[in-house]
Amino acid sequence: MGDSSDSVSIAIDMVPFGGKEFLVKTSRGSLSVFVCGDQEKPALITYPDVALNYMSCFQGLFFCPDAASLLLHNFCIYHIDAPGHELGANVIAPDVPLLSVDDLADQVAEVLDFFGLTRVLCLGVTAGAYILALFAMKYNERVLGLILVSPVCKAPTWTEWLYDKVLMNLLYFYGMCGLLKECLLQRYFSKELRYGMHGAESEVIQACLRLLDERQSPNVMRFLQAINRRYDLTDDLKKLQCKTLIFVGESSPFHAESVHMSDKIGRKNCTLVEVKACGSLVTEEHPLAMLVPIEFFLMGFGFQRQPHFASSSSNGSNPSSPSSHSCIAPELLSPEGLGIKLKPIKTRADIEI
């Protein structure tokens, strides 16, 4: 762990799920960072989407059986929440300046400085994917690789800009109301999951709704404002020097933009995996569909699955999970596909429901 400076201090509190929560004070305000694993291991940092924190955005991926042998075996996980999005957060004072996307990316660099991290692997979802991609552009020497889930890279269209303005007005006048939560669910999940076989809400939806109720509306509005003022990264995407793995659900409202981002980064450094019957939040809706591509992606950096651990995601041993029936294109599983040489391809993960 790195030494603290005048602009960075920390408060430590033990919390459940086998980790520690650190409140890191940066020059642009405090951030909650939940650390899981041995800090002597290489670092994997995460950043969630709008109105989510690490629990509501990544628990589906990290709590599934195979994740321990693949991710926790190789990495110490640093879950960075957007300002004011952690569990039990207070409302950010109105006189605190609004942060830009550049400010949020610079905060990530300060978190790395505090923990003494030199190079990290990054995992972000939609808005969080934008922040980490921007971080990788500004601090390319500090990023080993990017795993982006339903990322955005362009400035908002007029339609998105106006839609987000409506969401911000709902937050301002009504807080985390039912209409707002329905709009957010449409952002995160596919129609199939939202309405289910017989119109009943799934456990994933119910858990997400409970966690959304805990968000402080003014804090969510601040993050949404920053993302709604983002700028186009397209021209700089080819400058990314790290390998990139992009997942996107075919039902995601950001599908076209994720494909665009993959094309602009280029086949030399980027692989795209599209997941059928899935929205933006692949980490929660179909997390098992991510594990095999991530495993081969990590092999390119010399990381291996824990040897004695059998992979249920690759052999389909969990028939009760829809995402366990993923059918990965054969070329993805070849060494030339996503192995040591990490030859990027555009592939598709087919999910049978």
Side-chain angles (χ1 to χ4, degrees), residues 44 46-47 49 57-58 61 70 121-134 136-137 143-154 187-190 232-301 313-314 323 326-352:
L44 168 64
T46 72
Y47 210 112
D49 192 18
C57 196
F58 297 108
L61 175 61
L70 180 60
L121 193 72
C122 300
L123 168 60
V125 176
T126 311
Y130 180 95
I131 298 302
L132 293 181
L134 179 58
M137 292 176 179
V143 178
L144 181 66
L146 287 170
I147 303 174
L148 306 178
V149 181
S150 305
V152 292
C153 65
K154 298 179 181 178
R187 176 187 178 98
Y188 305 146
F189 301 112
S190 66
D232 197 336
L233 301 179
T234 299
D235 292 341
D236 294 323
L237 287 175
K238 285 192 177 295
K239 298 178 183 177
L240 281 175
Q241 300 177 9
C242 59
K243 300 295 183 182
T244 303
L245 175 62
I246 294 178
F247 293 92
V248 62
E250 284 195 331
S251 300
S252 168
F254 308 106
H255 178 272
E257 193 158 343
S258 298
V259 173
H260 167 81
M261 185 175 187
S262 173
D263 290 341
K264 291 301 179 181
I265 295 175
R267 295 172 63 86
K268 180 180 178 181
N269 286 323
C270 186
T271 297
L272 174 69
V273 178
E274 297 172 88
V275 184
K276 282 187 175 180
C278 191
S280 299
L281 203 56
V282 186
T283 52
E284 291 296 311
E285 191 164 352
H286 286 311
L288 290 180
M290 300 178 64
L291 290 179
V292 171
I294 290 176
E295 180 174 1
F296 281 89
F297 180 73
L298 294 179
M299 284 173 61
F301 303 104
S313 64
S314 58
S323 54
S326 59
C327 181
I328 308 299
E331 61 267 28
L332 178 65
L333 302 178
S334 70
E336 293 293 322
L338 271 175
I340 301 303
K341 293 185 179 180
L342 199 65
K343 178 183 176 182
I345 57 172
K346 178 180 179 180
T347 187
R348 186 182 300 275
D350 292 327
I351 309 301
E352 300 177 3

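Positions are given from 1, in the same order as the sequence printed here.
Lys239 is linked by a salt bridge (charged side-chain N to carboxylate O under 4.0 Å, His left out) to Asp236, counting only residues two or more places apart in sequence or in another chain. With sequence neighbours excluded, no residue forms a side chain to side chain donor-acceptor pair (under 3.5 Å) with Thr126. Among residues two or more places apart in sequence or in another chain, the side chain to side chain contact (heavy atoms under 4.5 Å, CB included) test is passed with Thr46 by Phe58, Phe62, Ile77, His79, Leu123. Contacts of Lys264 classified as side chain to side chain contact (heavy atoms under 4.5 Å, CB included), with partners at least two apart in sequence or in another chain: Thr234, Leu237, His260. The side chain to side chain contact (heavy atoms under 4.5 Å, CB included) search around Ser190 returns Glu192, Leu193, Ser251, Glu285, not counting sequence neighbours. Here Ala127 pairs with Asp49, Val50, Arg187, Phe223, Ile227 under the side chain to side chain contact (heavy atoms under 4.5 Å, CB included) rule; sequence neighbours left out.
For the residue pair Ala277 and His286, the shortest heavy atom distance occurs at O-NE2, 3.1 Å. In terms of heavy atoms, Phe247 sits closest to Ala289 at CE2-O, 4.2 Å. Across Pro287 and Thr283, no two heavy atoms sit closer than the pair CB-O, 3.3 Å. When every heavy atom of Leu146 is checked against every heavy atom of Ala136, the shortest pair comes out as CD1-CB, 3.9 Å. Scanning both residues, Gly266 and Lys238, for their nearest heavy atoms gives CA-NZ, 4.4 Å. In terms of heavy atoms, Leu281 sits closest to Cys57 at CD1-SG, 3.7 Å.
Results of the side chain to side chain contact (heavy atoms under 4.5 Å, CB included) test with Ser258 over Val248, Asp263, Val152 single out Val248 as the only residue that passes. None of Cys278, Ser280, Pro253 except one satisfies the side chain to side chain contact (heavy atoms under 4.5 Å, CB included) rule with Ser150; the exception is Ser280.
Once rounded to the nearest 0.5 Å, the distance linking CD1 of Ile265 with OG1 of Thr271 reads 10.0 Å. Distance check, rounded to the nearest 0.5 Å: CG of Leu148 to SG of Cys270 gives 7.5 Å. Going from atom NZ of Lys243 over to atom CG of Asn269 covers 4.5 Å, rounded to the nearest 0.5 Å. Distance SG/Cys153 to CG/Asp232: 6.5 Å, rounded to 0.5 Å. The CD1 atom of Ile246 sits 10.5 Å away from atom CD of Glu274, with the distance rounded to the nearest 0.5 Å.
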Q.
Could you walk me through whether Leu121 and Phe297 satisfy the side-chain contact (heavy atoms from CB on, under 4.5 Å) test, starting with their C-alpha distance in whole Å, then the side-chain angles of each, then the deciding distance to 0.1 Å, before giving a yes or no?
A. CA-CA 11 Å; Leu121 193 72; Phe297 180 73; 4.2 Å; yes
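Under the 4.5 Å side-chain criterion, counting only non-hydrogen atoms from C-beta, Tyr130 is in contact with Leu233. Side-chain contact between Met290 and Val149 is present, with at least one heavy-atom pair separated by less than 4.5 Å.
Glu295 places no side-chain N or O within 3.5 Å of a backbone atom of Leu70 that could act as its donor or acceptor partner.
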